[in-house]
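A short worksheet on the structure shown next.
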Amino acid sequence: MHIINRIAAFHAEMTSWRRDLHTHPETAFEEHRTAAFVAQRLRDWGIDVHQGLAKTGVVGTLKRGNDGHAIGLRADMDALPMEELNEFDYRSTVPGKFHGCGHDGHTAMLLGAARYLAETGNFDGTVHFIFQPAEENVAGGGVMVREGLFEKFPMTAVYGLHNRPNLPIGEFAMRPGPALANADNFGITIRGRGTHAGWPHLGIDIVVVAAQMIVALQTIVSRQTSPLHSAVVSVTYVRGGSTDNVIPDELHLRGTARSFLPEVQDRIQSSLRRIATSTAQMYGATADVEYERRYPSLHNDPDRIASCAEVAKAIVGEDHVDVDHEPGMGSDDFSFMSNRVPGAYVWIGSGPVEAGRFLHNPRYDFNDGILPIGASYWARLVESELPRKA
Ligand SMILES: [Zn+2]
Ligand SMILES: [Zn+2]
């Protein structure tokens, strides 16, 4: 393993930053303390700081030499709105908020790289350190793009990194092309005619309609999507009724749809609407369908991901970098950035997973052992993408 010595030397300090952030988790667009923590350190190292993009976003800009090239490195800062069940002394002090996805570690690793690059300056060009809010659920990355990230900070490429506890420490994984699916949400409100459950023929029983509808929606993937394309339609929420002997008047379904290709996404959306409304109609009920496209799918630029692979190999060795890792049906709002400029998003191993403590598990904790690996990766990526002229 070729971790940068200078970074390894402040491993303990990076760990203390990470644990400080873990103790004080903040959720979407409320990352005020975290943003101040990041901005203060960047300023201490002589990095220009811009705050306030997407409310709590922070962009640090570091320029060395005369080359006009600029690249962006992105870390996410937000915690999840969930309770932590860990017992260690740096556990969350905020009820109902928890760094359950390791964004505390992502922030600490990018800070570590920023410090090293500011102190050594062994590159020629401009690097923007992008600390984004609200990655979970509400697309803070998309808001940064809408509020002018690429106009205020022009760059030719953007890079992302996420820890993966199901990959061992010392491993990297990535793939060119489609890497993470789009994430769409849907809601269906079914209305019939509520009645006494002993006289069902006097009403319109939407519980039976909902049952048929949930099954019929499963044919979108199994019968209407090419077997060679990936897609998911999951109904995750069913709510309606109040007691044993009343057929309800209204019933709600919610769920998520995932895919990679625009044509598959279009097909899911139109099929879902058609199946929901026509199933309801078949029984004399109605269905209102809402469909929201939340995160676009994430596609890695082949050239940029090839550079990332070389950098990762130089750190952990050729045998520990999977350059053709399988894509995932999860999503990341980094895709709003990589849809605008060539982008590359890689996974860094943070395992092993112990007792099912994967991302978003209430007993998950970021593995501090990978802090210098991730920071070294970021630092070497900058030195190789913005090489110093001889
Ligand atoms: Zn997450
Ligand atoms: Zn995450």
Side-chain angles (χ1 to χ4, degrees), residues 18 21-22 24-31 34-35 38 54 56-58 73-86 92 94 96-111 130-144 158-167 169 172-174 179-185 232 234 236 256 258 294-298 300 325 327-338 343-351 353 356-368 370-371 373-375 377-378:
R18 205 285 292 181
L21 297 172
H22 191 92
H24 303 100
E26 296 172 304
T27 49
F29 299 119
E30 291 171 357
E31 303 90 341
T34 310
V38 166
T56 45
V58 181
L73 313 180
R74 171 280 214 169
D76 34 20
M77 301 188 291
D78 58 316
L80 283 158
M82 65 183 281
E83 205 66 52
E84 174 167 20
L85 295 182
N86 288 312
S92 169
V94 186
K97 296 185 184 186
F98 166 45
H99 268 296
C101 203
H103 300 181
D104 46 354
H106 300 164
T107 299
M109 290 192 290
L110 189 55
L111 279 175
I130 305 164
F131 294 88
Q132 75 149 81
E135 191 286 319
E136 303 283 359
N137 293 317
V138 288
V143 177
M144 282 189 105
V158 66
Y159 300 86
L161 174 69
H162 205 295
N163 81 98
R164 281 283 283 263
N166 58 334
L167 294 173
I169 185 167
F172 278 86
M174 60 199 75
L180 287 173
N182 63 49
D184 297 355
N185 284 348
V232 172
S234 295
T236 55
T256 186
R258 311 272 167 124
R294 246 171 13 127
Y295 290 10
S297 54
L298 193 160
N300 282 322
H325 198 70
M329 299 311 282
S331 60
D332 192 305
D333 72 349
F334 177 77
S335 58
F336 285 98
M337 298 180 190
S338 60
Y345 177 94
V346 309
W347 293 295
I348 178 171
S350 60
V353 182
R357 293 172 189 178
F358 190 66
L359 304 171
H360 296 202
N361 179 278
R363 289 190 175 82
Y364 164 85
D365 188 35
F366 182 85
N367 184 345
D368 289 315
I370 73 166
L371 288 167
I373 306 175
Y377 165 79
W378 279 135

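Throughout, residue positions are numbered sequentially from 1 according to the sequence presented. Counting starts at 1 for both ligands and their atoms, following the listed order. Quick caveat: nothing in here was measured; it's all calculated off a predicted structure.
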Under 2.8 Å: N/O/S of H103 next to the Zn ion (ligand 2):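 Short answer: yes, at least one N, O or S atom is under the cut-off.
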Answer whether the closest heavy-atom distance between the side chains of N163 and W347 falls below 4.5 Å.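 With C-beta onward as the side chain, the pair stays apart.
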Is any side-chain heavy atom of H103 closer than 4.5 Å to one of F366?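 They are not in contact (no side-chain heavy atoms under 4.5 Å apart), so the answer is no.
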Under 2.8 Å from the Zn ion (ligand 1), is there any N, O or S atom belonging to E136?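 For E136, the answer is yes, given that an N, O or S atom comes within less than 2.8 Å of the Zn ion (ligand 1).
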N185 side chain to T256 backbone, donor-acceptor under 3.5 Å: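 It does not hold such a pair.
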Option passing side chain to side chain donor-acceptor pair (under 3.5 Å) with R18 (candidates N367, T107, D104):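 One option only clears the test, and that one is D104.
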Could you grab the angle centred on the Zn ion (ligand 1), going from SG in C101 to NE2 in H360, to 10°?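 About 100° at the Zn ion (ligand 1).
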Need the atom name: nearest N/O/S atom of H162 to the Zn ion (ligand 2).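 Closest to the Zn ion (ligand 2) among those atoms: NE2.
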